[in-house]
Each structure stands twice: as C-alpha cells, then as structure tokens.
Amino acid sequence: MRPVASTGTKVGEKVVTGNATGKSSYVLEMEDFFNAIRTGSPVTCDWREALGACVAAVKADEAMDKKARIEIGPEEYSL
C-alpha cells in the first residue's frame, strides 16, 4: 500500500487530520480502529461496509475462477 500524501488527504469517507506522513491507508485504518476502542467513537468502516467489500471480493474471485459472470443477490449481503 502506498503512503498517504499528507494531512487533509481523504481516505475512504474520512479526511486525515493527524500526522499521516509516510503512513499507508492500512495503518491509518488500524489507528482509527484503535481510537474507536479507546474512546468509544464510531469506526470509519463498520461491519456492514466490511461485509459488502468482502462479498464483492469473494464473488469477483469466484467469477475469475469460473471465467463467468456472477450475479450477486441482496441475500449475499445479509448475515
């Protein structure tokens, strides 16, 4: 992952306000998660967004393996 350019860079839906020099988006995401645990603030990416990203990635992998188009129905996004 490439480092974030500077403070004020948008990562996902959040704008970086702290020291972001040389940090990857992964490190910033982990810092956000740890801050949420410490302070009780909401995380930038909650479980619903994570589930959606995971379903898309798994289905894309399945489509590549089968060399076919895969339909993703709404039932795939529920637990």
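Source: prediction; values computed, not measured. Below, all heavy atoms of this structure are taken into account, side chains as well, without hydrogens, waters or symmetry copies.
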## Note on the structure
Note: Ser41 and Ala36 closest approach over all heavy atoms is O-CB, 3.1 Å
#### Entry: Shared hydrophobic cluster for Leu79 and Ile72 (ILVMFWY, side-chain gaps under 4.5 Å)
yes
### Summary
Taking every heavy atom of Ser78 against every heavy atom of Leu51, the minimum-distance pair comes out as N-CD2, 4.4 Å
### Query
If you measure from CD on Glu62 to CD1 on Ile70, what distance do you get to the nearest 0.5 Å?
4.0 Å
### Query
In terms of hydrophobic clusters joined by side-chain contacts under 4.5 Å, are Trp47 and Ile37 together?
no
### Task
Determine the minimum heavy-atom distance between Glu76 and Val55, stating which atoms define it.
O-CG2, 3.4 Å
### Message
Count I, L, V, M, F, W, Y as connected when their side-chain heavy atoms are under 4.5 Å apart, and connections chain through other members. Are Val58 and Tyr77 then in the same cluster?
### Response
no
### side chain to side chain contact (heavy atoms under 4.5 Å, CB included) between Glu31 and Val27, worked out
CA-CA 6 Å; Glu31 286 178 354; Val27 169; 3.9 Å; yes
